[in-house]
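Since this is a predicted model, take the numbers as computed values, not measurements. Chain identifiers are assigned alphabetically (A, B, ...) following the order of the sequence lines, protein sequences preceding nucleic acid strands; residue numbering begins at 1 within each chain.
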There are 2 protein chains.
Amino acid sequence: MQPETILESKSIRCTPIRQAILEILLKKGCPMSYKEVEAFLPEESDRVTIYRTLSLLFRKGIVHRVMDMKGTWRFCAHDPGISGCPGDHAHFECLICGRMDCLTNTCLPYIDVEDGAVVKGKHMVVYGVCSLCMK
Amino acid sequence: MQPETILESKSIRCTPIRQAILEILLKKGCPMSYKEVEAFLPEESDRVTIYRTLSLLFRKGIVHRVMDMKGTWRFCAHDPGISGCPGDHAHFECLICGRMDCLTNTCLPYIDVEDGAVVKGKHMVVYGVCSLCMK
DNA sequence: TCCCAGATGCAACAATGTTGCAGGAGTGAT
DNA sequence: ATCACTCCTGCAACATTGTTGCATCTGGGA
Ligand SMILES: [Mn+2]
Ligand SMILES: [Mn+2]
Ligand SMILES: [Zn+2]
Ligand SMILES: [Zn+2]
């Protein structure tokens with residue numbers, strides 16, 4: 001699905017930067033930090049605008065986000081044409097090249113918490129060395 | 001077990017700050033950020049020393065650490081008298097009061113990664129609202 | 001006692017996240 | 001077309017955490 005279509009469907013004004021950022025996320029298909037996204041944008045792109053755009057996309061449910069093992073948020077868009085990706089899956093992070101991947105075929109386990117506590121979400125990162133970096 | 005005993009058993013010089021920090025972690029028994037640890041130390045304690053001490057304790061395997069949903073490391077010591085805590089369990093973080101707890105009775109699931117990739121560790125945070133904050 | 005590895009304190013920096021504000025662009029109503 | 005209003009963007013500024021370098025201090029072994 002096209003970035004513009006997605007933005008319009010969420011009643012978000014379709015600006016060049018938003019379109020560009022969403023396009024990058026859709027094309028890459030893996031969780032990216034704002035820094036990684038920035039690398040694919042024109043030189044003059046503003047850090048805060050990228051930050052706000054990613055926050056907006058997240059708030060509107062267009063992307064999901066994962067915190068990596070360095071403590072930075074990574075944002076990821078899966079084509080909404082494909083049956084709903086709730087972000088409820090584990091992620092793999094390579095400690096060498098830094099790449100992160102969605103393990104969309106996994107499903108996070110049920111976790112028992114203390115009585116009375118309410119679970120809002122689950123977050124799982126599996127880290128190690130990816131196949132490319134192992135060679 | 002006493003902090004000094006633990007430090008000696010790992011051939012780490014037993015200094016007042018190390019003893020104090022380890023004692024705090026053992027007493028609280030939940031993953032604490034350096035900031036939280038700092039709050040229980042004398043005013044004049046140096047930020048970097050705390051940082052280095054926590055790193056050391058982690059490196060020596062005395063404590064384990066978890067990244068919380070704000071992207072900061074939390075360190076946690078379980079009494080080594082109790083049968084080995086590898087830190088291989090999930091954690092619950094309350095989004096209201098910020099407290100984090102070890103779910104020591106859980107066990108992280110096996111996750112299938114791409115062929116050729118090597119898993120070094122797994123990291124799972126369940127977040128929501130704790131029983132106290134629900135009231 | 002002397003020496004040296006190790007511990008600490010302080011300055012300094014990087015990265016990310018976050019907010020405030022002013023100016024600019026787009027939209028819809030008149 | 002004009003105007004008003006909302007929203008978007010760019011820039012400055014700040015907080016927090018993590019991290020390193022260096023000078024100094026300290027404890028323990030030779
Ligand atoms: Mn994902
Ligand atoms: Mn734990
Ligand atoms: Zn890799
Ligand atoms: Zn709570």
Side-chain angles (χ1 to χ4, degrees), chain A residues 3-4 6-8 10-24 31-39 41-60 62-63 65-76 93 95 98 100 123 125 127, chain B residues 3-4 6-8 10-23 31-39 41-60 62-76 93 95 98 100 123 125 127:
Chain A
E4 312 100 69
I6 299 175
L7 292 173
E8 281 164 15
K10 298 281 183 174
S11 315
I12 298 172
R13 205 180 277 178
C14 182
T15 66
I17 262 217
R18 289 175 180 179
Q19 208 172 317
I21 289 179
L22 184 50
E23 190 164 13
I24 291 167
M32 299 170 79
S33 66
Y34 97 86
K35 198 82 180 174
E36 288 176 290
V37 171
E38 191 178 37
L41 289 171
E43 283 286 339
E44 64 276 12
S45 304
D46 183 59
R47 199 170 74 83
V48 179
T49 301
I50 301 172
Y51 162 75
R52 279 199 261 241
T53 301
L54 291 172
S55 300
L56 177 74
L57 295 179
F58 171 69
R59 206 169 347 107
K60 294 292 184 177
I62 298 172
V63 304
R65 62 176 190 183
V66 199
M67 178 149 301
D68 67 22
M69 298 306 285
K70 280 185 178 167
T72 69
W73 284 114
R74 304 221 192 179
F75 299 81
C76 179
E93 180 178 349
L95 301 176
M100 185 180 264
H123 193 268
V125 176
Y127 53 92
Chain B
E4 314 98 69
I6 299 174
L7 292 173
E8 281 165 16
K10 296 281 182 174
S11 314
I12 299 172
R13 206 180 277 179
C14 182
T15 67
I17 257 223
R18 290 176 178 178
Q19 206 172 318
I21 290 180
L22 185 48
E23 189 163 16
M32 300 170 79
S33 66
Y34 98 84
K35 197 83 180 172
E36 288 176 289
V37 170
E38 191 177 37
L41 289 171
E43 285 287 338
E44 66 275 12
S45 304
D46 182 59
R47 200 171 74 84
V48 179
T49 302
I50 301 173
Y51 161 75
R52 279 199 263 238
T53 301
L54 291 171
S55 300
L56 176 73
L57 295 179
F58 172 70
R59 204 167 349 108
K60 293 294 183 173
I62 297 172
V63 303
H64 63 279
R65 63 176 190 182
V66 198
M67 178 149 300
D68 68 22
M69 299 305 285
K70 281 185 177 166
T72 69
W73 285 114
R74 302 219 192 182
F75 298 81
C76 180
E93 180 178 349
L95 300 177
M100 185 179 263
H123 194 268
V125 176
Y127 53 92

Fill in: Rounded interatomic separation in angstrom, taking CE from A:Met69 and P from D:dT17
18 Å
Practice prompt. Round to a whole Å and report the spacing from CD of A:Gln19 to P of C:dG26.
Written response: 13 Å
Worksheet, complete the sentence: Atom CG of A:Leu7 and atom P of D:dC7 are separated, to the nearest Å, by 16 Å
Practice prompt. Establish, with yes or no, whether the OP1 or OP2 oxygen of D:dT17 is under 4.0 angstrom from a side-chain nitrogen or oxygen of B:Tyr51.
Written response: no
Item to complete: Specify the separation, in whole Å, of atom CE of B:Met67 and atom C1' of D:dT17.
Response: 10 Å
Worksheet item: Does B:Glu93 come within less than 4.0 Å of B:Lys70, counting only side-chain N to carboxylate O?
Response: no
Worksheet item: Closest heavy-atom contact between A:Cys76 and A:Pro31?
Response: CB-CA, 3.6 Å
Discussion item. Show the nearest heavy-atom pair for residues B:Tyr127 and A:His123, with the distance to one decimal.
Written reply: CE2-CB, 4.2 Å
Item to complete: Calculate the interatomic distance between B:Asp68 atom CG and D:dG18 atom P; express it in whole Å.
Response: 9 Å
Discussion item. What does the B/S/- profile of nucleotides 6-16 of chain C look like, 5' to 3', with a 4.0 Å heavy-atom cutoff to protein?
Written reply: SSSBBBB---B
Practice prompt. May I have the distance from A:Ile50 (atom CD1) to D:dC11 (atom P), rounded to whole angstrom?
Written response: 12 Å
Item to complete: Output, in order, the C-alpha distance, side-chain angles, deciding distance and verdict of side chain to side chain contact (heavy atoms under 4.5 Å, CB included) for B:Ile62 and B:Ile12.
Response: CA-CA 11 Å; B:Ile62 297 172; B:Ile12 299 172; 3.7 Å; yes
Response to the item:
On a heavy-atom basis, the closest approach of A:Leu7 and A:Gln19 is CD1-N, 4.1 Å
Fill in: side-chain hydrogen bond (donor to acceptor under 3.5 Å, both in side chains) against B:Ser45, all qualifying residues, sequence neighbours excluded
none
Worksheet item: Just how far, in rounded Å, is C1' of D:dA15 from NZ of B:Lys70?
Response: 12 Å
